[in-house]
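A quick note: this is a predicted structure, and the numbers were derived from the prediction, not measured.
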Amino acid sequence: MADPNQVEIIRNGVDAWNAWRHAHPGVEVDLSGANLSETHLTGIDLSRANLYGADLAYGWFAHANFNSADMTRVEARNADFMEADLRGARLCNATLAEAHMPKARMSGATLTGINLNKADLQDVDFSGSMMSAAMLRLATVFRANLSACDLSGADLSEAKLNGVNFRHARLSGAFLIETDLSCTDFTGADLRGAQIWKALFVETRLNGADLTGARIFGIAAWDVQSDEATVQRGLIITPAFTPEITVDELEVAQFIYLLLNRKKLRNVLDTITSKAVLLLGRFTAERKALLDALADELRKHNLLPIIFDFERSTNRDFTETIKILAGLSLFVIVDITKPKSAPQELTATVPDYQIPFVPILEEGEEPYSMFVDFKKYDWVLKPVLRYRTKQELLDNFRTVILDRAWGKHIELQRKKTEQLETVSIEDILNGK
């Protein structure tokens, strides 16, 4: 039980308490079970104090010193710990749900079983803390430092973990369901057996992380960073309580799931190939403005514009990328005005893809010399469409581009479905 004399002193305010602590540095502080709820104790010195089971709910403890304090089973719901010092504190099974804790220092703390649901933990330093079985559901943890923390079995479902540092943290068996992991750093982290359903991975760093046996059903993965040290064995791509299907690479999991659901895959491919229009050309400011305007016009007609910036593509094989995009397109619009990459792009695609190519050229310019080589391909629309201004092209977009491309598409589809004609030797000999 709390020392009644100490409780009386602390109720006299922060100045009285801190003066008493300064005058009696060797006295052990016992506030276990004390009711300090709704108290204003900003800047108070409670370092090394025994606060076991104390009630701090709705209290104000900004800039307070709880260094190495025993806060086991503390009730601190909705309390304010902004920039408080909780380094080395013991908060096992404490309740800090909905607490306000931005920039608090909690490195080396023991937080096993702590309830931080819906807490504001922006910029908090948890480095090296023990947090197994902690609850952080719906918590806001932007830019926090959880490096080398033990979060085994912790629940971080639906939390906002954007930009969090989990370098070398232990998250085995943790719950990251519907969690935002954008720009989060899991370098060297242990994610074995983690439940990562429907999580958002955008520019997430997984270099050297171990995801063996993690369940990743429904994730959205975009530009995930990994390396040869990343372990991705046995990733489970099916929902819980269903037969397990595993793959060994995070970024292909979504595609494999679509393959297993053929109707969904067919719908995806049909949607893309019936709507996608590839736009090719220069990416100088003037020429890019035209491509962007054409993209906006395509959207008005419920089409999906794809702009491939060849001049900025430094990390991808040009031929492979352009062929993939062309193969998924309903038709291609290519601006051959003052071309730079267009000759290469057309050479890589026209011979292999029987889809409409619509070349356009600004008035006063001439097609590049080798463009004449494409005359033999029926699917390159002829003659080349000249335009005087961007606005003229947009005003007549449906007639001069969309209708012509669609007409050529229908013509090509008809040819592809024509029955193959056969003739017998006897007919040939008889002149038939």
Polar side-chain atom of [X] near backbone of [Y] as donor-acceptor pair, under 3.5 Å:
{"X": "Ser129", "Y": "Met106", "answer": "yes"}
{"X": "Glu244", "Y": "Ile236", "answer": "no"}
{"X": "Thr179", "Y": "Leu156", "answer": "yes"}
{"X": "Asn5", "Y": "Val7", "answer": "no"}
{"X": "Glu297", "Y": "Phe397", "answer": "no"}
{"X": "Ser127", "Y": "Asn145", "answer": "no"}
{"X": "Asp155", "Y": "Leu176", "answer": "no"}
{"X": "Asp296", "Y": "Arg299", "answer": "no"}

Which pair of heavy atoms, one from [X] and one from [Y], lies closest together, and at what distance?
{"X": "Gly43", "Y": "Asn18", "value": "O-ND2, 3.3 Å"}
{"X": "Gln225", "Y": "Asn207", "value": "O-OD1, 3.4 Å"}
{"X": "Gly163", "Y": "Thr184", "value": "N-OG1, 3.8 Å"}
{"X": "Thr204", "Y": "Phe201", "value": "OG1-CA, 3.3 Å"}
{"X": "Trp17", "Y": "Asp45", "value": "NE1-O, 2.8 Å"}

Cationic N near anionic O, under 4.0 Å, [X] to [Y]:
{"X": "Arg233", "Y": "Asp210", "answer": "no"}
{"X": "Arg11", "Y": "Glu8", "answer": "no"}
{"X": "Lys288", "Y": "Asp292", "answer": "yes"}
{"X": "Glu75", "Y": "Arg77", "answer": "yes"}

[atom1] of [X] to [atom2] of [Y]: how many Å apart, nearest 0.5 Å?
{"X": "Ile216", "Y": "Leu211", "atom1": "CD1", "atom2": "CG", "answer": "8.0 Å"}
{"X": "Tyr387", "Y": "Glu365", "atom1": "OH", "atom2": "CD", "answer": "9.0 Å"}
{"X": "Leu191", "Y": "Phe186", "atom1": "CG", "atom2": "CZ", "answer": "5.5 Å"}
{"X": "Thr140", "Y": "Met101", "atom1": "OG1", "atom2": "CE", "answer": "13.0 Å"}
{"X": "Leu116", "Y": "Thr95", "atom1": "CG", "atom2": "OG1", "answer": "9.5 Å"}
{"X": "Thr349", "Y": "Leu280", "atom1": "OG1", "atom2": "CG", "answer": "6.5 Å"}

Sorted by chain and residue number, the salt bridge (Lys or Arg N to Asp or Glu O under 4.0 Å) partners of Asp185 (sequence neighbours excluded) come out as Arg167, Arg205
Apply side-chain contact (heavy atoms from CB on, under 4.5 Å) to Leu402 and Leu303, showing your working.
-> CA-CA 10 Å; Leu402 191 56; Leu303 294 171; 3.7 Å; yes
| query | Would you call the rings of Tyr368 and Phe371 parallel, tilted or perpendicular if under 30° counts as parallel and over 60° as perpendicular? | reply | perpendicular
(request) Check whether more than 12 heavy atoms from other residues, nucleotides or ligands sit under 6.0 Å from atom CG of Asp352, and answer yes or no. (result)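 Yes, enclosed.
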Taking CZ in Phe175 as the centre, count heavy atoms belonging to other residues, nucleotides or ligands within less than 6.0 Å. Is the count above 12? no
**Criterion salt bridge (Lys or Arg N to Asp or Glu O under 4.0 Å) on Glu158 and Lys118, from CA distance to verdict** = CA-CA 10 Å; Glu158 300 179 75; Lys118 297 185 180 181; over 6 Å; no
* Hey, mind stepping through Arg21 and Val29 against side-chain contact (heavy atoms from CB on, under 4.5 Å) and telling me if it holds? -> CA-CA 9 Å; Arg21 286 295 308 266; Val29 175; 3.6 Å; yes
Contacts satisfying ring pair (Phe, Tyr, Trp, His ring centres under 6.0 Å) that involve residues 62-103 (not counting sequence neighbours) are Phe61-Phe66, Phe61-Phe81, Phe66-Phe81
Which of Leu91, Asn50, Thr110, Leu111 passes side-chain contact (heavy atoms from CB on, under 4.5 Å) with Met71? It is Leu91
Check: With Leu41, which of Asp80, Val14, Leu56 fulfils side-chain contact (heavy atoms from CB on, under 4.5 Å)?
Finding: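 With Leu41 as partner, side-chain contact (heavy atoms from CB on, under 4.5 Å) holds for just one option, Val14.
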Test side-chain contact (heavy atoms from CB on, under 4.5 Å) on Phe374 and Thr347; report intermediate values, then the result. CA-CA 9 Å; Phe374 297 113; Thr347 300; 4.0 Å; yes
Salt bridge (Lys or Arg N to Asp or Glu O under 4.0 Å) between Arg87 and Asp125: does it pass, once the steps are laid out? CA-CA 9 Å; Arg87 290 174 296 173; Asp125 181 6; over 6 Å; no
**Message:** Using the rule salt bridge (Lys or Arg N to Asp or Glu O under 4.0 Å), only one of Lys103, Arg143, Arg105 pairs with Asp123; which is it?
**Reply:**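 When salt bridge (Lys or Arg N to Asp or Glu O under 4.0 Å) is applied between Asp123 and each of Lys103, Arg143, Arg105, only Arg143 qualifies.
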(request) Tell me, with the steps shown, if Phe331 and His409 meet side-chain contact (heavy atoms from CB on, under 4.5 Å). (result) CA-CA 8 Å; Phe331 63 93; His409 169 75; over 6 Å; no
_Taking the side chain as everything from C-beta on, heavy atoms only, tell me whether Asp55 gets closer than 4.5 Å to Leu36._
no
Quick one: do the Asp180 and Asn162 side chains pair a donor with an acceptor below 3.5 Å? yes
